[in-house]
Amino acid sequence: MPHKATVAYFSMEIGLDAAIPTYSGGLGVLAGDTIRSAADLEVPLVAVTLLHRHGYFYQRLDPAGRQREEPVTWPIDDYLELLAPRASVEVEGRTVHLRAWRYEVTGVTDCKVPVFFLDADLEENAPQDRALTDALYGGDDRYRLCQEVILGIGGVRMLRALGFAQVDRWHLNEGHAALLMLALLEEQISLGSQPSTVPAQAIEAVRAQCVFTTHTPVPAGHDRFRPELARQVLGERQWTHLVQCGQERGLNMTDLGLRSSAFINGVAMKHGEVSRGMFPGYPIRSITNGVHTAYWAAPAFRRLYDRHLPGWRHDALTLRYAISIPTSEIWAAHREAKRMLLEHINRETNAGFDQDVFTVAFARRATAYKRAALIFHDLERLQRIVQRTGPLQLVFAGKAHPRDADGKAVIERIHTIKDQLRAQVRIAYLENYDMATATVLCAGSDIWLNTPLPPMEASGTSGMKAAVNGVPSLSVLDGWWIEGCLEGITGWAIGQPVEAGQETAEELAARHAASLYDQLETTVLPCFYQSRERFVEIMRNAIAHNGSFFSAQRMVWQYLHNAYRVR
Ligand SMILES: *Cc1c(COP(=O)(O)O)cnc(C)c1O
């Protein structure tokens, strides 16, 4: 049966459900929220990813905060349906056969969006190839490139095998899927007498169909492969095509995505600007990320919105009318969300968190630029603030990539300080940050802290999840917060809107830490402990101004009208 899809959305990771561990962090969760919202908006979209039989990893932390990674085993057939059609790709001259599993996301009106998970674990494949769809971001460069061949080329071929003969737009969620352009080129050109010649019109025809979203200014987020490796894995014919697409000095997935796409965007206003600086000559736009409102709203807030804002699940902008909700009801919903969080923390870590104490949450991937330990820059000052202004308790969560030594060191440092400050400040570090933990953390804290080193935070989405639950952000002005921060109205800024730029990383950290302490001491803690009504008004503003706008519904709408529109 032929199917029609307006958009085929390709992502190396997709976070659909906390029980399906095929994501590592923000990129995958964003993909999941995009798909959930596309289903709500009845967008004819299909999504493609890899099965990741062993997931990303399960994070164990010993008492010193040393991370141990365990492979995840998950009961695939409890969640996904195995499909009959097959496709194949060539790697290193071998044929790798692929099958697909399907998951269906059901939208608010019952519209279904399928997600196809590619799986190479078939008996007819060579033993080393059977493992190619096992580990998300695992293995060496060769393994990663083979995975990207499967995602990009295998993904296009699998969609064709599944009956998707017509696809209007191919959306590359990050560069990992950029090799899909090779499969589309192959479809465009007749591989007759001169197989190595790619006519300019064929590239142009592919370009007109592709949309590329770049997600990070951090260099490690942009895959590059040595020319010899690319040639060996992809074979002579595909390599020739890549050379004709400017990859002769090595395969650069971001560069390939940029060259192959007519619509290109960064994921927040500032990130679009930064990306234009990184990749001059490309018309890079901005579409700011968003989150799926109903997915991230805690049960207490769902009930509150059902009561006061009927229709909010269909139209997330309805949260703008949260200004009509009495502050007492927002506070009651927050108390319930906070109780769920504190029970979770105390059960998991025995940290003895107290419901009446101001609770600061910091949860995101543990990697150097996120500067998770910035709040510990000056321990004496932090202790003074707690003694003079009011108590606070701090909860952390986040995984470090297995090869990110700096990220791992940050987790250990937080554990050391946790023991050191035991008598003054309760600190907890939750193991194995995932979507389930994120749900309770984003909803139940009193403030959502974010201290990235600008301009490294392309967007950030966890603060948006917090806003859906009325949790204001206290954040460095980077990524989405540049757009979301109305000082003292939706939350608070750390540092200045325009950074001077001549400082060293240490000087900047010292200045940001001082600003963070000033905000806590003179504004945030006094507001929480002494002007509770005002604090809850800020919570309500976070919902009305930021919960409404930073939704994945608005984001998908922008992709529809700007990126997917027929050109
Ligand atoms: C939302 C989310 C992220 C992304 O958070 P950022 O603020 O973008 O760093 C990462 N991991 C999980 C599990 C999430 O739910």
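In each ligand, atom 1 is the first atom listed, and ligand 1 is the first ligand listed.
Using a 4.0 Å cut-off between charged side-chain N and carboxylate O, E69 and K408 make a salt bridge. Looking at D33 and R36, a side-chain N of the basic residue comes within less than 4.0 Å of a carboxylate O on the acidic one, giving a salt bridge.
The ring pair (Phe, Tyr, Trp, His ring centres under 6.0 Å) with H171 is formed by just one residue from the set F263, F10, Y564, F212; it is Y564.
In this structure, F376 has its ring center no closer than 6.0 Å to that of F362.
For E70, the salt bridge (charged side-chain N to carboxylate O under 4.0 Å, His left out) partners two or more places apart in sequence, or in a different chain, are R60, R68.
Enumerated by chain and number, the residues approaching ligand 1 to less than 4.0 Å through a heavy atom are G25, G26, V29, W296, R364, K370, Y433, D434, M435, A438, G460, T461, S462, K465.
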**Item:** Verdict with reasoning, R511 to E507, per salt bridge (Lys or Arg N to Asp or Glu O under 4.0 Å)
**Value:** CA-CA 6 Å; R511 194 158 58 71; E507 287 163 348; over 6 Å; no
